[in-house]
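Step one of this worksheet: look at the structure below.
In what follows, residues are counted from 1 in the order of the sequence shown. Whatever order the structure lists ligands and atoms in, that order sets their numbers, starting from 1.
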Amino acid sequence: MSTHSSIPWFDDFMGVAYRYYDLRMNVVPLLTDRKQSASLWHDTIHWWVDPSIKIRFVEIGDKYWFILGSDSQKPDTNLSFFKVLHKSENYERFKKGHGGEAYLRLGVYAKKTLGDVKKSALCNCSHEARDHDEGDNDVCLYNSCDCKKFASFQVNLLKRKKTITDILYLEEKDVKDDPLAWNCLNKNKYSKSEQN
Ligand SMILES: [Zn+2]
Ligand SMILES: [Zn+2]
């Protein structure tokens, strides 16, 4: 258990997607760069020992801490992941639906502009690409909409996966009893706020 404390914390990713894929819920840390995702997998996650992979969710108000870590067959390049995120519909769906098991996959998050997509693609404002004016800086043509520029995104799930069977939801007051969550908050929350 004490080995957790020496593993570096990694938070240089955009967020986490929760998707049904392969008949199971998938937990998908999102990266913007394909090369970065490939080397993260190759150097770190590939070496994780599946039964030791842990996800901890620590809910604090309308946010939550996503914490992911594992024992590794290659401890020198091991990392633990964390990110403070807003609770979302997909997060709540995962919480209700995972049933104690999930696949871990990496995802590459690609931002799409008006030129990249079909006319029927949805903008983040919920209106289609064809409703955005290509001549006028991509503004949405709906009068009621204040979208100034078409923007959409696509998540590409990478094929390689690991199985997670150790998933826990914690309240902050219970974090002390969980070595991985405690190490994360101690290092990335409590010791930081003391410095300020
Ligand atoms: Zn729009
Ligand atoms: Zn719109």
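Evaluation of the side-chain contact (heavy atoms from CB on, under 4.5 Å) rule for Val117 yields Lys112, Ala121, Ala129, Phe150 as partners, not counting sequence neighbours. Here Glu171 pairs with nothing under the salt bridge (Lys or Arg N to Asp or Glu O under 4.0 Å) rule; sequence neighbours left out. Qualifying salt bridge (Lys or Arg N to Asp or Glu O under 4.0 Å) partners for Glu134, counting only residues two or more places apart in sequence or in other chains: Lys119.
Ring pair Phe66/Phe81: centre-to-centre distance not below 6.0 Å.
For the Zn ion (ligand 1), protein N, O or S atoms closer than 2.8 Å were enumerated as Cys123 SG, Cys125 SG, His132 NE2, Cys147 SG, with waters left out.
In this structure, Lys162 is not positioned above the aromatic face of Tyr103 in the sense of NZ or CZ being under 6.0 Å from the six-membered ring centre and within 45° of the axis.
The closest donor-acceptor contact from the side chain of Lys87 to the backbone of Tyr64 lies at 3.5 Å or more, if one exists at all.
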